[in-house]
Amino acid sequence: MVEQQHKSQRPPKSSSSSRGLYVKMNLFHHKHGYNYNKLNQHYQQQQQDRNCFCTYYKWLLWLSLSLYFFTSFLITNNNNATAQKTEPTDNLVKSHVVPRTLSESSNIASKLKNMKVFIYELPSKYNTDWLTNERCSTHLFASEVAIHRALLTSDLRTFDPNQADFFFVPVYVSCNFSTVNGFPSISHARNLISSAVQLISTHHPFWNRSSGSDHVFVASHDFGACFHNLEDVAMQHGIPEIMKNSIVLQTFGVEYQHPCQQVENVVIPPYVSPESVRKTLAKNSPANGRRDIFAFFRGKMEIHPKNISGRFYSKRVRTVIWRKFSGDRRFYLKRHRFAGYQSEIARSVFCLCPLGWAPWSPRLVESVLLGCVPVIISDGIRLPFSSAVRWPDISVRVAERDVGKLGRILERVAATNLTAIQRNLWDPRTRRALMFNEEVQEGDATWHTLVSLSEKLGRSYGRSTVSCELESDT
């Protein structure tokens with residue numbers, strides 16, 4: 001077997017020429033075999049290097065991606081933690097800036113859908129007789145008329161008082177205009193409201209059963225239900241005893257204790273005629289036009305001598321404005337009335353809204369509706385519908401003590417965030433929330449008033465009775 005194997009390894013016997021070829025090939029292989037081995041080793045080394053590089057690259061790629069996702073995770077968590085830490089502070093200032101969620105909107109719609117308001121049909125001397133003077137339904141206190149009219153055609157109105165959550169008492173007390181100066185005289189207000197309450201409590205059981213807690217009044221003048229335009233006198237008189245247990249819709253509101261808001265209340269905007277705003281915008285087109293007035297104010301600059309002791313005139317804000325800036329070209333200040341003053345607002349960048357007889361002013365609403373940045377100079381004022389209107393985003397607040405620095409403050413705003421404020425002013429939701437319409441429209445001033453009332457359903461005698469009955473059944 002070994003022999004056969006050995007024989008098989010040797011070339012077969014052949015001719016001399018075949019033997020010569022074999023010797024040559026054998027010599028050739030012996031001579032060049034080393035080179036082939038070396039090439040083969042070099043090729044194998046290249047393959048190993050390439051495999052090593054691919055492995056290294058895969059690991060490097062995997063490590064990079066891992067680091068990327070891990071870092072992103074850390075950053076996201078850190079931002080969430082920061083947001084959670086700062087949220088309570090931000091909410092004190094900007095809680096109303098967050099748009100309502102779908103669930104919140106649905107909840108509001110559900111509350112309003114289920115809420116019912118009964119309107120007392122009082123003799124005309126309490127309301128509609130006053131409308132013979134056209135100013136009654138258009139002047140700054142006319143929200144008492146506008147709310148009444150809108151409720152009359154509202155889906156929330158019920159003609160069955162037994163189904164009502166709230167009872168609206170439509171008494172117009174702001175339409176008795178003085179023949180001397182044309183200002184509304186409200187000296188008759190207490191007697192008129194007292195007479196109305198006497199009437200409804202005599203002919204209906206609903207006032208007496210709840211002591212008026214679910215009854216709603218409008219007090220749209222300087223100091224609300226205190227019914228006086230001088231603060232010191234208003235504070236002295238206070239709110240009539242007969243109204244202290246009711247709900248008052250009022251333009252007056254402050255963030256501190258005050259005798260004229262010691263009643264369940266909703267702060268509403270002063271009335272500005274939608275028609276007058278539309279006409280002004282149609283003529284001036286301020287959204288696209290250039291505003292050539294930097295800072296504007298038209299109104300009384302003097303201190304009323306009878307109100308010198310009142311807090312709202314003690315700091316003499318308007319007097320400081322006049323003395324400091326009447327000669328400043330940046331400021332357009334006028335002391336006399338002008339029927340077309342809304343066109344001046346539409347031409348202005350900043351509109352000064354200093355406190356006057358009271359902390360609030362119709363200029364505040366007019367400025368927003370006409371696209372002029374309201375400059376609120378009234379310490380502690382409580383603004384209407386703060387849950388819906390983003391006041392910090394559409395206005396400038398200046399402390400009364402800083403009114404002398406007004407020029408520098410407004411210049412700084414103009415150089416920084418004026419464009420953003422002006423853009424926010426033209427948000428249709430903001431403008432709609434401050435305007436009263438003939439009929440209730442979703443998102444308008446009457447609608448937001450009703451939303452505020454829906455948050456006080458706990459005062460409804462009808463609701464509380466149903467709740468007690470359900471509890472007793474269980």
Side-chain angles (χ1 to χ4, degrees), residues 96 99-122 127 143-171 196-197 200-201 204-220 225 243 245-251 253 263-269 384-389 429 432-471:
H96 54 279
R100 296 187 189 277
T101 63
L102 185 60
S103 60
E104 287 176 326
S105 299
S106 299
N107 189 34
I108 290 172
S110 177
K111 278 186 178 180
L112 290 183
K113 183 179 179 181
N114 295 322
M115 189 174 79
K116 294 299 178 183
V117 180
F118 178 79
I119 305 172
Y120 284 110
E121 295 184 3
L122 299 177
N127 40 61
S143 56
E144 61 184 7
V145 179
I147 292 174
H148 182 205
R149 284 177 171 173
L151 288 178
L152 288 173
T153 57
S154 171
D155 292 337
L156 275 64
R157 182 185 183 185
T158 178
F159 291 90
D160 182 357
N162 294 300
Q163 294 181 352
D165 296 301
F166 296 108
F167 296 81
F168 186 76
V169 187
V171 181
V197 171
I200 62 178
S201 62
H204 303 278
F206 311 108
W207 175 275
N208 295 325
R209 73 179 186 181
S210 68
S211 300
S213 66
D214 50 7
H215 284 58
V216 182
F217 297 86
V218 180
S220 54
M243 295 178 66
N245 199 40
S246 299
I247 302 171
V248 179
L249 313 178
Q250 57 185 44
T251 45
V263 64
E264 191 70 27
N265 64 84
V266 174
V267 177
I268 61 175
F385 308 144
S386 58
S387 62
V389 179
R429 293 171 298 180
R432 190 183 306 120
L434 299 175
M435 191 178 294
F436 292 97
N437 295 293
E438 286 287 330
E439 296 183 355
V440 179
Q441 298 179 15
E442 183 174 349
D444 75 355
T446 306
W447 188 85
H448 281 293
T449 301
L450 292 169
V451 170
S452 298
L453 280 178
S454 72
E455 296 169 358
K456 303 180 186 297
L457 281 169
R459 298 178 64 87
S460 168
Y461 179 87
R463 293 275 176 137
S464 60
T465 302
V466 171
S467 298
C468 290
E469 288 176 353
L470 289 174
E471 288 177 6

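The analysis underlying the following values was restricted to heavy atoms, covering all of them including side chains, and did not include hydrogens, waters or symmetry mates.
Across S201 and W207, no two heavy atoms sit closer than the pair CB-CD1, 3.9 Å. When all heavy atoms of L453 and F166 are compared, the pair lying nearest together is O-CZ, 3.3 Å. Taking both residues in full, the closest heavy atoms of Q250 and A225 are given as OE1-N, 4.1 Å, listed atom of the first, atom of the second, then distance. Here the closest non-hydrogen pair linking F168 and V117 is CB-CG1, 4.1 Å.
Listed for the S154 side chain is no donor-acceptor partner under 3.5 Å among the backbone atoms of A150.
D214 meets the side-chain hydrogen bond (donor to acceptor under 3.5 Å, both in side chains) test with S210; sequence neighbours excluded. Remark: R209 pairs with no residue by the salt bridge (charged side-chain N to carboxylate O under 4.0 Å, His left out) rule, at least two apart or across chains. Not counting sequence neighbours, the partners of S220 by the side-chain contact (heavy atoms from CB on, under 4.5 Å) test are F141, S143, E144, S174, V218, T251. Scored by the salt bridge (charged side-chain N to carboxylate O under 4.0 Å, His left out) test, K116 finds no partners at all (sequence neighbours excluded). Scanning for side-chain contact (heavy atoms from CB on, under 4.5 Å) contacts around S454 gives K111, L112, M115, V451, with sequence neighbours left out. N245 is linked by a side-chain contact (heavy atoms from CB on, under 4.5 Å) to S211, S213, R459, counting only residues two or more places apart in sequence or in another chain. Every side-chain contact (heavy atoms from CB on, under 4.5 Å) that P161 has, sequence neighbours left out, goes to F118, F167, F206. Evaluation of the side-chain hydrogen bond (donor to acceptor under 3.5 Å, both in side chains) rule for S452 yields no partner, not counting sequence neighbours.
Note that NE2 of H448 is 10.5 Å distant from CG of L450, once rounded to the nearest 0.5 Å. Atoms CG and CG, from L156 and L151 in turn, are 8.0 Å apart once rounded to the nearest 0.5 Å.
Identified under the side chain to side chain donor-acceptor pair (under 3.5 Å) test for residues 432-443, with sequence neighbours left out: N437-D444. For residues 154-168, every residue pair satisfying the salt bridge (Lys or Arg N to Asp or Glu O under 4.0 Å) rule, not counting sequence neighbours, is listed here: E121-R157, D165-R463.
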Evaluate V263 against M243 for side-chain contact (heavy atoms from CB on, under 4.5 Å), listing each step before the verdict. CA-CA 8 Å; V263 64; M243 295 178 66; 5.7 Å; no
Using the rule given for side-chain contact (heavy atoms from CB on, under 4.5 Å), can you reason through N265 versus L249, listing the C-alpha separation, both sets of side-chain angles and the distance that settles it, and then say yes or no? CA-CA 6 Å; N265 64 84; L249 313 178; over 6 Å; no
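Contact of the P269 side chain with the F436 side chain is registered, since non-hydrogen atoms from C-beta on lie closer than 4.5 Å. Using a 4.5 Å heavy-atom threshold, the side chains of P384 and I268 count as separate.
Between the side chains of Y120 and H204, no donor N or O sits under 3.5 Å from an acceptor N or O.
The side chain to side chain contact (heavy atoms under 4.5 Å, CB included) test with H148 is passed by exactly one of V171, I119, V169, T446: I119.
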